[in-house]
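The structure displayed is predicted, hence computed values, not measured ones. In what follows, every heavy atom counts, from backbone to side chain, and hydrogens, waters and symmetry copies are set aside.
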Amino acid sequence: MEAGSLRGAPDQAHTCWRAETLPEDAVVVDRPRVATRAPTRRDTELLAGLSVASWEQDVRALAAVRTRLSSGAGFMTAATSAAATLEALGFTVRTDPVQVPGGVSATVVADRVGSRTGARRVVLITAHLDSINIAGGPTAVAPGADDNASGAAGILELGRVLVGVTWQHDLRLLLFGGEEQGLFGSRQYVAALPLAERSRIRAVLNLDMIGRRNGPSRGVLLEGGPASAHLVDDLAAAATSVTGLQVSTSLSPFASDHVPFLEAGIPAVLAIEDSDSSNHDIHSDRDVVAHIEPGLALEILRMCLATLLRWLDSRPRPRPAGPVVARAPGRLDVFVVGSDSAMHHQVLKGPAG
């Protein structure tokens, strides 16, 4: 989660809040009722392949680095190790430079080509690899076990399971640098995408802070935007079908690497531990492995994997070439991607007709 941008209380040094005008009867966070969807035999077999021990081993290795500050040697050590792991799994891997304040960071990009002949879509799974200690400064210890070794290790674990099967569509894993300093990795990645490559993206799934239980129940928040409401629905259905997670949803995106994609009109969704603003240990030396609950992370990864199996193999839902329109009594919502590649929203109110 980006430094200084949690949905937290203003009296916490590492959190901030925002105020904005909302439409009447707007829902920011919801706990919807979702119908279950029985997993197939293949789904069950692949879900059984997820290893909490493997995930926890990767979290420990990442958190053992003194700090993964984006421009520091520790970050590059972690990025090099993650790239080697993904390459050994069978991905085609490259490392792209990322310009950050005070130096250069990197984004690890790992690709697996799908089997479908002709035009293929691509599914992106993303997480940020960097960590930060706001109070202590750039040289201070910043294990970042939850924020975001948990999500980065989730990328490696999902990649390990998914690479063993041939999918119709392409799969791309991204580990960003510069997230904590202002989403630099994801913003620069999206800005550099050619228009044809943007149009190929079927879904972006961003994992940020998936390892800390902040309440009595294991829960997950699924956060997207109007362009990705269907992705939120898919993940919520999977969570209800193959996990015991309490699901919250939001279409008000805020402060993680899914945001630049949504701003460019690309469907993206964040999976994050529920009540994340209650976690006051992140961005400090207190964000350690001892506070992680592997069982919660495994449930979130089960939800993600069950959803990815469909996104990678089924026929994509058509994306409209023109405006997306949602209608309610007395209200018309129009969403359109402009020439600046940003998503624009216009609300029209009046009598139904």
Side-chain angles (χ1 to χ4, degrees), residues 1-3 5 68-72 75-76 78-80 82-84 86-87 91-114 119-130 132 148 151-152 155-156 158-159 169-208 224-225 227-228 231 253-270 311-312 316 319 321 336-344:
M1 179 65 65
E2 182 186 349
S5 299
R68 302 188 305 281
L69 184 72
S70 295
S71 57
F75 176 88
M76 294 310 301
T80 299
L86 292 167
E87 195 166 38
F91 287 90
T92 300
V93 182
R94 74 174 193 267
T95 302
D96 293 343
V98 175
Q99 302 300 319
V100 297
V104 178
S105 188
T107 291
V108 177
V109 184
D111 281 299
R112 181 70 182 272
V113 177
R120 293 187 307 275
R121 304 293 291 275
V122 59
V123 174
L124 276 55
I125 317 175
T126 71
H128 74 88
L129 191 58
D130 56 318
I132 197 169
N148 185 35
I155 291 274
L156 299 178
L158 289 170
H169 300 288
D170 296 350
L171 171 65
R172 179 170 301 153
L173 311 183
L174 295 158
L175 292 168
F176 292 120
E179 192 269 358
E180 297 289 14
Q181 294 160 289
L183 310 182
F184 284 96
S186 53
R187 289 198 182 281
Q188 291 174 33
Y189 177 82
V190 171
L193 280 174
L195 183 59
E197 188 65 11
R198 291 187 184 203
S199 65
R200 273 208 327 127
I201 298 175
R202 179 180 186 186
V204 180
L205 173 58
N206 181 40
L207 304 183
D208 195 349
S228 58
L231 305 184
F254 189 52
S256 191
D257 284 317
H258 60 310
V259 174
F261 291 94
L262 288 169
E263 290 174 344
I266 299 169
V269 60
L270 166 71
W311 289 351
L312 285 165
R319 293 181 63 190
V336 63
V337 179
S339 59
D340 57 357
S341 296
M343 176 68 75
H344 301 275

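With sequence neighbours left out, the side-chain contact (heavy atoms from CB on, under 4.5 Å) criterion links Glu87 to Val93. In this structure Ser228 satisfies the side chain to side chain donor-acceptor pair (under 3.5 Å) test with no other residue, sequence neighbours excluded. Every residue two or more places apart in sequence or in another chain that forms a side chain to side chain donor-acceptor pair (under 3.5 Å) with Asn206 is listed here: Thr126, Ser256. Residues meeting the side chain to side chain donor-acceptor pair (under 3.5 Å) test with Ser105, sequence neighbours left out: none. Residues passing the side chain to side chain donor-acceptor pair (under 3.5 Å) test with Arg112: none are found, sequence neighbours excluded. For Pro97, the side-chain contact (heavy atoms from CB on, under 4.5 Å) criterion is met by Val104, not counting sequence neighbours. In this structure Thr107 satisfies the side-chain contact (heavy atoms from CB on, under 4.5 Å) test together with Val98, Val109, Leu174, Phe176, sequence neighbours excluded.
The side-chain heavy atoms of Leu207 and Leu158, taken from C-beta on, include a pair separated by under 4.5 Å. Within the 4.5 Å cutoff, no side-chain heavy atoms of Asp257 are placed close to those of Asp208. Side-chain contact between Arg120 and Val113 is present, with at least one heavy-atom pair separated by less than 4.5 Å. Side-chain contact between Leu312 and Arg202: absent, with no pair of heavy atoms (C-beta onward) separated by less than 4.5 Å. Side-chain contact between Leu193 and Ile201 is present, with at least one heavy-atom pair separated by less than 4.5 Å. Counting only heavy atoms from C-beta outward, the side chains of Ile125 and Leu171 approach each other to under 4.5 Å.
Nearest heavy atom pair, residue Gly114 against residue Asp170, reads N-OD1, 2.6 Å. Considering every non-hydrogen atom in both Gly103 and Ser71, the closest pair reads CA-CB, 4.2 Å. Scanning all heavy atoms of the two residues, the minimum distance from Ala127 to Asn148 falls at CB-ND2, 3.6 Å. When all heavy atoms are compared, the tightest approach of Ala268 to Phe261 is CB-CB, 3.8 Å. Pairing each heavy atom of Gly178 with each of Ser70, the nearest pair is N-OG, 2.9 Å. Here the shortest heavy-atom pairing between Leu262 and Pro253 reads CD1-CB, 3.6 Å.
No donor-acceptor pair under 3.5 Å is formed between the side chain of Arg68 and the backbone N or O of Ala79. The backbone N or O of Arg200 lies less than 3.5 Å from a partner atom in the side chain of Arg121, making a donor-acceptor pair. No donor-acceptor distance shorter than 3.5 angstrom exists from the side chain of His258 to the backbone of Leu205, with no hydrogens or angles considered.
Within the structure, every pair that satisfies the side-chain hydrogen bond (donor to acceptor under 3.5 Å, both in side chains) test and touches residues 187-196, not counting sequence neighbours, is listed here: Arg172-Tyr189, Arg187-Glu263. Applying the side-chain hydrogen bond (donor to acceptor under 3.5 Å, both in side chains) test to pairs two or more places apart or on separate chains, those with a residue in residues 93-102 are Arg94-Asp96.
Interatomic distance, Met1 CE to Ile132 CD1, rounded to the nearest 0.5 Å: 14.0 Å. In this structure, CG on Leu231 lies 12.0 Å from CG on Leu270, to the nearest 0.5 angstrom.
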CA sep, side-chain torsions, deciding dist, call: Leu69, Glu180, side chain to side chain contact (heavy atoms under 4.5 Å, CB included): CA-CA 9 Å; Leu69 184 72; Glu180 297 289 14; over 6 Å; no

